[in-house]
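Worksheet: one structure, shown below.
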2 protein chains.
Amino acid sequence: MPKANLENLKSIREFNGLLSDRVYEAIKAAILSFDFEPGAVLKKGPICDALGVSRTPVSDAIMKLEADRLVEVIPQSSTRVAKMSMKEIREDAFLREALEVSAVEYAAEHRTDELLARLNRNLRMQDLQVEDQDYEELFKTDQEFHRLIMGCCNIDRLHATIGFVSNHMDRARKLMLPIPGRSLDSVTEHRKIFEAIQKADPAAARVAMQQHLRHLIKRLEPLEKQRPDLFIP
Amino acid sequence: MPKANLENLKSIREFNGLLSDRVYEAIKAAILSFDFEPGAVLKKGPICDALGVSRTPVSDAIMKLEADRLVEVIPQSSTRVAKMSMKEIREDAFLREALEVSAVEYAAEHRTDELLARLNRNLRMQDLQVEDQDYEELFKTDQEFHRLIMGCCNIDRLHATIGFVSNHMDRARKLMLPIPGRSLDSVTEHRKIFEAIQKADPAAARVAMQQHLRHLIKRLEPLEKQRPDLFIP
DNA sequence: TCATGTCAACTAACATGTTAGTTGAGGGGG
DNA sequence: CCCCCTCAACTAACATGTTAGTTGACATGA
């Protein structure tokens, strides 16, 4: 039976801002790190006790997590951590691809020397981290690479929107173990994207980003068979 | 001073489901119809009285409207109907274009005879409505045309996601008066999209949809000068 | 006149009490 | 043995009471 390890809930003192938001961040982190397992029943009472807050901020947080599709509320009955679903992950991939491919196309058309410099620095960092087999940091540098490209679009909500539509995919990514050979391929793909941006070639940038993202979903697909317990039956 | 006409709030008895959701729908409708004007202060107390509910469902509804970017909550202070903003509208347009262009590309690749038949029927309806100058109904048929294309993608969330990212743009569209000549152009553009889907030509479908959506944003831009009172200074 | 400090009024945020829909265990009839 | 009904227990949904942060009016002094 899937379990929600309440003792692993990060203290809400680690965040600041509204209590509701801090509770939201704490629960979201627990879900994305699998401390709250897919399918686990989420009870407000114990969460209130664990965090030392009342039901209101917890209810607000759960409502936002429902919008993220990370929990499923059954009216008047119960709330569960959303099970993984390859259909949902594929939907995430479609939406993310649509948005991120448009972003990279825009970036290739409007690139600045500063963006190129930052991307170049980021890529050299990736090389180092592959060499050092520091997959934890490589993951972050990878995310930063994508964030740099989006940042160039002057669409404030772009990054947040992509995050919003990719929650199921992001959770699945956390389950993937680093495969040394693959990390190298990934950097190669990033470099292709970089070169297309550098050449101001939007069509090439589109294709490069599309291939990169489609490799990602290909790597996620085996998870359904490796961890059937986490997925919807 | 922008005003919120509470007496125009649709009775929540017109919807069904959770009270929070009904309140959400009622307020959202009021904002999108400009019964609640951009910039108007939204007070929970009067809304509770007008709808005959307590503060909880109203707070929940306002939280969702904040996620939609239709209201702005200033912590511990006040809540206002979001002012219009051409920057936001342009961001909406970027995100919607990214998603809808991907959708139509997919549709062109995976079209079925049934989709073509439905689209064709829809287009003939549009012809009739242009002829009758029934712009109210044409608006709905237009939306249905786009919905049919998205429906073909098997991405359950696609329609909801596009709606979610387009709230500011959708509100602005309500202010546009129908221009007879433009309606005809719009149907012509729709027909181009249809033809590309029929020919199973994703590249042509992309371009046709892109042009169609870029015409829309072009028509929205003058609003900022026509109605400066509704926009952010 | 204008800058600044105080304070009361107001609101969202948070806490807690109450209601009503759902669920599943147990029991009686087929 | 199985189906259906009942009902108590449980939970989310809703109502209401309380707290605390913000704001703007007003007063005070430079």
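Computed from heavy atoms alone, side chains included, the values below leave out hydrogens, waters and symmetry copies.
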Using five pairs at either end of the helix from C:dT1-D:dA30 to C:dG30-D:dC1, determine the angle between the two local helix axes and round it to 10 degrees.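 Taking the rotation axis at each end, their angle is 10°.
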Which residues pass the ring-ring contact (aromatic ring centres under 6.0 Å, His included) test with B:H215, not counting sequence neighbours?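 Expected list: none.
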For B:F164, which residues count as a ring-ring contact (aromatic ring centres under 6.0 Å, His included) partner, sequence neighbours excluded?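 B:F164 satisfies ring-ring contact (aromatic ring centres under 6.0 Å, His included) with A:F164 only.
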Quick one: sort the B:H212 and B:H146 rings into parallel, tilted or perpendicular, breaks at 30° and 60°.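 Parallel: the ring planes of B:H212 and B:H146 meet at under 30°.
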Check whether any side-chain heavy atom of [X] lies under 4.5 Å from a side-chain heavy atom of [Y], and answer yes or no.
X      : Y      : answer
A:K64  : A:E25  : no
B:E66  : B:T79  : no
B:L223 : B:Q226 : yes

Quick one: list whatever passes salt bridge (Lys or Arg N to Asp or Glu O under 4.0 Å) with B:D60, sequence neighbours left out.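 B:D60: no salt bridge (Lys or Arg N to Asp or Glu O under 4.0 Å) contacts found.
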Quick one: B:E72 CD to D:dT22 P, roughly how many Å, whole number?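 My rounded result for the distance is 17 Å.
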Under the side-chain contact (heavy atoms from CB on, under 4.5 Å) test, which residues partner B:R227, sequence neighbours left out?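 B:R227 satisfies side-chain contact (heavy atoms from CB on, under 4.5 Å) with B:L175, B:D229, B:L230 once adjacent residues are dropped.
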What string of B, S and - do you get for nucleotides 11-20 of chain C 5' to 3' if you count protein non-hydrogen atoms under 4.0 Å? BBBBBBBB--
